Amino acid sequence: MATLVSGFVAAGVVAGAGSATAAEMTQSQGGATATIGGLKTYGAAVIHAEGGDQEVPAGLFEMSVEGGGTLQTYCVDLYNPTQRDARYHETSWSGTSLGANKNAGRVRWILQNSYPQVNDLASLAHRAGIEGGLTEQDAAAGTQVAIWRYTDVADVDAVDPQAERLADYLQKAARPVAEPQASLTLDVPAVSGRPGELLGPVTVHTGATAVTVAPPLNAATSGVRIVGKDGTVVTSVTDGGQLFFDVPADAAPGSAELTVQASTTVPVGRAFTSESRSQTQILAGSSESTVSATASAVWARQGALPVLSAVKNCAKTGVDLTAVNRGDETFVFELMGVDHVVPAGASRTVTIPLQEDQAYDFTITGPQGVEHRFTGVLDCRTQADETAGLTTQTLSEPSPATVGGVSAGNGVDLAATGGTSATPLIAGTAIGLVIIGGAALVLIGRKDAHPHD
């Protein structure tokens, strides 16, 4: 019997995962992982709302990339707080509010045609018809305001007249541009098969000139190699390259994981979402940065061989859990009281419904005792209608959301957010932090169940 245990987190409490004999494998879409520092270049903006005008900072954030590199980002989630030192992952637009925003492409145009991509401020000012020039602070504030008008449908103006003129120009001039490709991703991130076979392919997609391939940590004892289609060991690969897990024919049932890594610039317009409740960011500039991705493999001589993956689906307000059964027996799992059957050689995708702002953390254990952990926060809406007139803030440390919000205390850094002693802190701390209770789900996978969809 294979047991799949899922604990959804609503207030920072993680439900216990089922036991397993293999190491845990945490799947991600790949790309850059970074920690947000704070606003680095910014001015001020005013949000006009029914409750009155609110002044907030507007400009560029800076992130430090794990493994080396620096990112510059703008916020695309005005009404939610940013938590200092929050960890962010590169992601596709579909996993954010941008996925359902018909103007997301115009935001990318703004990024490509304004500061810091255009760092000749005299040229930018001339293009926008601005006399007197622009400071870096004006350019950053004006760009951020123009972005908010598209991402949050906000009634917002820059305080500085030059920045406001830039915002107006960018908003009017913006044209739709396609979503950028990921800096590094693997297709597919999980494979399965029988010992003695080449398990794959895992195809590399990247804009980097070269990608290094790290073998499984247990390669020396398991005998598993990472090879190309011809069976030759691979240590580096380029865009479009295919990788396979070469599992010895006498290998006992087990699992392995490979890692690919590269140094490249992350494409402008890539979205970044946080592991905690911290506002979504969009990339405005990148130094040469470290990007990585992982892929896993499981194998056994017989039985069900499900490959499991999960991605956010903002269109359906949930997380899509996909099970692909490459084995010779049926795989069945129960979700919310319903049995879902995945016949041998077939696949099944189930959407796990979540509430906006709900954190999730669930671990699925397959027939081979391999744990796959999926974590994140569903952040699909900007919530402008619900929080009009409220202001943003930056918390000093990332922390899980709590029912009823958090109180303002020593962790609030007003200087980092542009707030003043007159800023209504109660409103600021409540933004995006109230989570309506989380549901606990237990998913049970077994071979002998019967469906009752």
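Computed from a prediction, not measured in an experiment: that's the story for all the values here. Throughout, residue positions are numbered sequentially from 1 according to the sequence presented.
Between Leu258 and Leu243, some side-chain heavy-atom pair lies under the 4.5 Å cut-off. Taking the side chain as every heavy atom from C-beta outward, Ser274 and Gln83 never approach each other to under 4.5 Å. Within the 4.5 Å cutoff, side-chain heavy atoms of Ser289 are placed close to those of Leu71. Taking the side chain as every heavy atom from C-beta outward, Tyr115 and Tyr74 approach each other to under 4.5 Å. A 4.5 Å side-chain heavy-atom check between His205 and Leu184 finds every atom pair outside the cut-off. Between Phe61 and Gln72 there is no side-chain heavy-atom pair separated by less than 4.5 Å. Counting heavy atoms from C-beta outward, Val319 and Leu354 have side chains that approach closer than 4.5 Å. Side-chain contact between Val213 and Ser236: absent, with no pair of heavy atoms (C-beta onward) separated by less than 4.5 Å.
Residues forming a side chain to side chain contact (heavy atoms under 4.5 Å, CB included) with Ala173 (at least two apart in sequence, or on another chain): Trp109, Tyr169. Checked against side chain to side chain contact (heavy atoms under 4.5 Å, CB included), Glu179 has the following partners two or more places apart in sequence or in another chain: Ser92, Trp93, Arg270. With sequence neighbours left out, the salt bridge (Lys or Arg N to Asp or Glu O under 4.0 Å) criterion links Glu136 to no other residue.
Thr143 contributes atom OG1, which lies 8.5 Å from atom CG of Leu134 (distance to the nearest 0.5 angstrom). If you take CG on Leu321 and OG1 on Thr351, they are separated by 9.0 Å, rounding to the nearest 0.5 Å. Put simply, CG on Leu111 and CZ on Arg106 are 14.0 Å apart, with the number rounded to the nearest 0.5 Å. The OG1 atom of Thr70 sits 12.0 Å away from the CD atom of Glu288 when rounded to the nearest 0.5 Å. Atom OG1 of Thr273 is separated from atom CD1 of Ile282 by 12.0 Å, given to the nearest 0.5 angstrom. Once rounded to the nearest 0.5 Å, the distance linking CD of Gln144 with CG of Leu170 reads 11.5 Å.
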Q: Could you go through the side chain to side chain contact (heavy atoms under 4.5 Å, CB included) check for Thr73 and Met63 one step at a time?
A: CA-CA 8 Å; Thr73 62; Met63 292 190 187; 4.0 Å; yes

Q: Take Leu78 and Ile47, measure what side chain to side chain contact (heavy atoms under 4.5 Å, CB included) needs, and give me the verdict at the end.
A: CA-CA 10 Å; Leu78 171 60; Ile47 305 171; 3.8 Å; yes

Q. For Val204 and Asp239, what are the C-alpha separation, side-chain angles and deciding distance, and is it a side chain to side chain contact (heavy atoms under 4.5 Å, CB included)?
A. CA-CA 6 Å; Val204 177; Asp239 181 48; 5.7 Å; no

(Q) Pair Gln261, Ser292 - check side chain to side chain donor-acceptor pair (under 3.5 Å), show working. (A) CA-CA 4 Å; Gln261 183 172 292; Ser292 63; 5.2 Å; no

Q: Begin from the C-alpha positions of Ile130 and Leu166 and carry the test side chain to side chain contact (heavy atoms under 4.5 Å, CB included) through to its verdict.
A: CA-CA 7 Å; Ile130 300 172; Leu166 177 62; 3.9 Å; yes

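Val191 approaches Gly200 most closely through the heavy-atom pair CG1-CA, 3.9 Å. Closest of all the heavy-atom pairs between Ala167 and Val145 is CB-CG1, 3.8 Å. Contact detail for Thr203 and Gly240: the closest heavy-atom pair is CG2-O, 3.9 Å. For the residue pair Val118 and Leu121, the shortest heavy atom distance occurs at O-CD2, 4.3 Å. Closest of all the heavy-atom pairs between Thr264 and Ser286 is O-OG, 4.5 Å. Here the closest non-hydrogen pair linking Leu124 and Ala139 is CD2-CB, 4.5 Å.
There is a side-chain donor-acceptor pair under 3.5 Å between Thr82 and Gln279. Side-chain contact check for Ser278 and Tyr88: at least one donor-acceptor pair (N or O, by modelled atom type) lies under 3.5 Å. A donor-acceptor pair shorter than 3.5 Å can be found between the side chains of Ser183 and Glu90. Using modelled atom types and a 3.5 Å distance limit, the side chains of Thr33 and His89 yield a donor-acceptor pair.
Between the side chain of Arg87 and the backbone N or O of Thr35, no donor-acceptor pair lies under 3.5 Å. The backbone N or O of Asn80 lies less than 3.5 Å from no partner atom in the side chain of Asp77, so there is not a single donor-acceptor pair. No donor-acceptor pair closer than 3.5 Å links the side chain of Asp53 to the backbone N or O of Val46. In this structure, Asn101 contributes its side chain and Tyr150 its backbone to a donor-acceptor pair below 3.5 Å. Between the Thr290 side chain and the Gly67 main chain, a donor and an acceptor come within less than 3.5 Å of each other. A donor-acceptor distance shorter than 3.5 angstrom exists from the side chain of Arg108 to the backbone of Val268, with no hydrogens or angles considered. Between the side chain of Asp152 and the main chain of Ala154, no donor-acceptor pair closer than 3.5 Å is present. Using a distance-only test at 3.5 Å, with no hydrogens or angles considered, a donor-acceptor pair links the side chain of Gln117 to the main chain of Ala284.
Taking the charged nitrogens against the carboxylate oxygens, Arg149 and Glu164 do have a contact shorter than 4.0 Å, which makes a salt bridge.
Counting non-hydrogen atoms of other residues, nucleotides and ligands closer than 6.0 Å to CD of Gln181 gives a total of 12 or fewer.
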